[in-house]
Amino acid sequence: NNKVLPTSPALVQNNQIAVISGKADYRLSFDITPTGTINDYGNILHFTTDNNCCNFGQRSPAIWFHQGTTRLYVAIGDSTDGNWRLDTDALPLNVRTKITLECKGKNVKLTVGAKVYTATQPTYRFAGNLVVYAGDPWYPAAKVIISNLRYKILPLADANAAVTSQSRYMSNLQDEEMNVAEKENMDN
């Protein structure tokens, strides 16, 4: 269940390191040592279907430092918000910090050193082929050293959760479309 990624990729802009079959439930972990900041969003990792943002699957996940800081910007797009995200406090410069992002069902847990950030994701995440960058083509690379990079597929939180969630979402869309059509018929 571990996807093969280089464990210590060099971080430079437009550095494609793999193409994987991503899943909705996964654990991404790595050690990060910030060595400086830049005056733009500094990209660290980006798992994408094909582009930067914000269609479904384009940030599955994608991680940056905020401009001029070492605060993490962790986008974990879902079916209704391709840029749904968590932000963190600043990481210390020149100190290695363990990062773990665990997405299981609607639960998202981001562990940054000893600090844990949790959130409930509104809808379901992308599953399918993903291009993986250590420094994407759209932003300058962050000034960091990455080591111990791992991506592990997790068993589904509920075997039917993803299917049920997607079916419910599609059903709601169809209901909305029917309601609009009914309203238009009533207006005529």
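The structure places CG of N15 at 10.0 Å from OH of Y133, a figure rounded to the nearest 0.5 Å. Of the inter-residue distances, the one linking D25 atom CG with K152 atom NZ reads 12.5 Å to the nearest 0.5 angstrom. In this structure, N107 CG and T120 OG1 are separated by 5.5 Å, a value rounded to the nearest 0.5 Å. Taken to the nearest 0.5 Å, the CD1 atom of I44 stands 3.5 Å off from the CD1 atom of I32. From C103, atom SG reaches atom NZ of K109 across 11.5 Å, with rounding to the nearest 0.5 Å. Between the CG atom in D89 and the OH atom in Y117 there is a gap of 3.5 Å [rounded to 0.5 Å].
Side-chain contact between T100 and R27 is present, with heavy atoms from C-beta onward closer than 4.5 Å. With contacts defined as side-chain heavy-atom distances shorter than 4.5 Å, the pair D78/P122 qualifies. N148 has its side chain out of reach of S29: every pair of non-hydrogen atoms, C-beta onward, lies at least 4.5 Å apart. Side-chain atoms of R150 and T7, non-hydrogen and from C-beta on, do get closer than 4.5 Å to each other. Between Y26 and L101 there is a side-chain heavy-atom pair separated by less than 4.5 Å. Within the 4.5 Å cutoff, the side chain of I20 has heavy atoms near those of the L5 side chain. By the 4.5 Å heavy-atom criterion applied to side chains, V132 and Y151 are not counted as neighbours. Two residues are said to be in side-chain contact when any heavy atoms from C-beta on lie closer than 4.5 Å; V108 and V74 fail this criterion.
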Open item on the list: side chain to side chain contact (heavy atoms under 4.5 Å, CB included), that's the test. Do L45 and L149 meet it? Break it down for me.
Closed with: CA-CA 10 Å; L45 294 168; L149 178 60; 3.8 Å; yes
TODO: Run the numbers on F65 and Y139 for ring-ring contact (aromatic ring centres under 6.0 Å, His included), then give the verdict.
DONE: CA-CA 11 Å; F65 280 146; Y139 289 89; over 10 Å; no
TODO: Evaluate the criterion side chain to side chain contact (heavy atoms under 4.5 Å, CB included) for residue pair W138 and T48; output intermediate values, then yes/no.
DONE: CA-CA 12 Å; W138 306 285; T48 181; 4.1 Å; yes
Open item on the list: Let's go through I63 and I99 carefully: what are the C-alpha distance in whole Å and the side-chain angles of both, what is the deciding distance for side chain to side chain contact (heavy atoms under 4.5 Å, CB included) to 0.1 Å, and is it a yes or a no?
Closed with: CA-CA 11 Å; I63 303 171; I99 308 290; 5.6 Å; no
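The backbone N or O of Q13 lies less than 3.5 Å from no partner atom in the side chain of D136, so there is not a single donor-acceptor pair. The backbone N or O of F126 sits nowhere less than 3.5 Å from a side-chain atom of S60 that would complete a donor-acceptor pair. Side chain of N83 to main chain of C53: no donor-acceptor pair is present (N/O by atom type, distance under 3.5 Å, no hydrogens or angles). Judged purely by atom type and a 3.5 angstrom limit, T35 uses its side chain to pair as donor or acceptor with the backbone of K143.
Under the 3.5 Å distance criterion, with hydrogens and angles disregarded, no donor-acceptor pair is assigned to the side chains of D31 and T33. Under the 3.5 Å distance criterion, with hydrogens and angles disregarded, no donor-acceptor pair is assigned to the side chains of Q58 and N52.
Neither Y73 nor L11 shares a network with the other; the hydrophobic side chains, linked directly or stepwise wherever heavy atoms of I, L, V, M, F, W or Y lie under 4.5 Å apart, form separate groups for each.
Y41 and H66 have tilted rings, their planes meeting at an angle from 30° to 60° on a 0 to 90° scale.
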